[in-house]
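Notes follow once the structure below has been shown.
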Amino acid sequence: MPQYVYQCCINPKCNATYDLSEILHRCPKCGSLLDADYEWDKLPVPQSLSHFEEYWNQRQIPQRFSGVWRFHELLPFAPFEQCVTIGEGQTILQQANGVASYTGLKSGSLYLQYEGMNPSGSFKDNGMSAGVTHGRLVGARQAACASTGNTSASLAIYCACTKLMNCVIFIGSGKIAYGKLSQALDYGAKTIQIEGDFDDAMARVQEVSKKLGIYLLNSVNPFRLEGQKTIMFRVLEALRWEVPDWIVVPGGNLGNSSSFGKAFIELHKLGLIKKIPRLAVINATGANTLYRLFEQEKLRWNNGNIDQLKVDSFFTQMDDEGRKASTIASAIEINRPVNLTKCLRALDFCNGVVRQVSEQEILDAKAKVGANGFGCEPASAASVAGTKKLVEEGVIGNDERVVCILTGYQLKDPNATVAYHGTDQTFFDSVLGKRGVQTADFANHPISVGNDLDAIIRLLK
Ligand SMILES: *Cc1c(COP(=O)(O)O)cnc(C)c1O
Ligand SMILES: [Zn+2]
């Protein structure tokens, strides 16, 4: 095991630390989430971020090719040679002026970070390479996760490629987009469909993992979040180490937003950045726990002294009213975000805001993203819809530099796309209409024509 690295309880009143070799989901003393933590002063930390450019010409080494492990010094919890990679993190930050004008930003101000270009088609691979690496360190033979789809696709591909562990995935029945389900099945994961939703699957997988000693790879796993920090490192790399004004990200289980916050806390502490970007986390209106708690109930990190009573009574009320998350953006269809407290820490450090966007806003934004680039799945488009909202409100200035994280690939959920652009009203109603989507203003409708050369030519003239 590497030295000067340990697991640390995020609750400042507890602050317990644990050895790297322990397999823990939460702090055994107080139940809080855990961080991977480092004694940075004893570790070789680069003097500046441009140090990482030295590795650009070492792409024949798999870990240097990886968009995660080429930043190894900033997540040094495993020996470099043992870091697991299948080529994750080869992603692009694209300036997207067509999307900028849709959101009300000036030309040149908006960037899209295409995390859909990862091997399994979502940002989850950044974290999975790190989580599987820790699993390997502790000798795990079997790994499990609960998932709305992308986590399971990601775990399944890592297990299939590396054969380090057998893979079991837990999903809520009927709650997963077919693109994602097809991946888990194709990659040979043992797939357990539970009657219920993501939150039910999440509760069960934690119990089962504990009972059977299976290594858990949900985002309660602190090492997954270490891998996801590198999304921010690559954004900075693409901007030649300049810090943007805003990072906008969809919020589901809040692993991504939490890891972005941790990345900036550490970069700042290490003197590698001076400026701290602001963070905007975007919920779907149908799955808006964070929005309600942060913007309406004013729940705050408060140096780690979180008002637990407020949180508990919120969830009690949610259960009493039978409120269940429901959104076309299935990747963020979550009632009880497991990383809530870490996300509050990120919002605190990055002077963050939270917004909610409707199904209509998500799908319109998704169409704009598709028409201007690589495309994305519905949950990802929440970041663009949220940016539009924040520019309208004047919270984001129209000349500020904004990076929207596009979390998942366009083909993950073809039903949503075809329903929006297609001409089949019944299909539209069954996929989108029932969710309150009324129009498809940015639809690119297919045109039907008889098998007749003249008729086709008339159409194209
Ligand atoms: C997992 C996922 C999210 C939600 O990310 P969290 O870290 O859980 O907040 C958003 N979009 C896509 C495509 C995802 O797969
Ligand atoms: Zn603790």
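All ligand and atom numbering here is 1-based and tracks the order in the structure.
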If you count the atoms of ligand 1 from 1 in the order shown, which ones are under 4.0 Å from a heavy atom of [X]?
X	value
Gly252	4 (C), 6 (P), 8 (O), 9 (O)
Gly251	9 (O)
Gly255	6 (P), 7 (O), 9 (O)
Gly408	13 (C)
Ala379	11 (N)
Asn256	7 (O)

Any luck finding a side-chain donor-acceptor pair between [X] and [Y] under 3.5 Å?
X	Y	result
Thr91	Glu115	yes
Ser326	Arg435	yes
Asp199	Asn335	yes
Thr341	Arg345	no

Given the rule in the side-chain hydrogen bond (donor to acceptor under 3.5 Å, both in side chains) test, do Tyr102 and Asp364 qualify, once you have shown the distances and angles that lead to the verdict?
CA-CA 10 Å; Tyr102 174 67; Asp364 289 344; 4.8 Å; no
Where is the nearest protein heavy atom to [atom]: which residue, which atom, and how far?
atom	value
atom 5 (O) of ligand 1	Phe123 CZ, 3.5 Å
atom 8 (O) of ligand 1	Asn253 N, 2.7 Å
atom 12 (C) of ligand 1	Thr407 OG1, 3.2 Å

Hey, is [X] touching ligand 1 through its side chain, its backbone, both or neither, going by heavy atoms under 4.0 Å?
X	result
Glu377	side chain
Asn150	side chain
Ile332	side chain
Lys124	side chain

Do Tyr158 and Leu217 have side-chain heavy atoms sitting under 4.5 Å apart?
no
Could you tell me whether the side chain of Glu226 reaches within less than 4.5 Å of the side chain of Tyr38, counting heavy atoms only?
yes
Vertex the Zn ion (ligand 2): angle to SG of Cys14 and SG of Cys9, to 10°?
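It rounds to 110°.
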Got a sec, which residues hit side chain to side chain donor-acceptor pair (under 3.5 Å) with Gln7, two or more places apart in sequence or on another chain?
none
Aromatic rings Phe77 and Phe223: how do their planes relate, parallel, tilted or perpendicular, breaks at 30° and 60°?
tilted
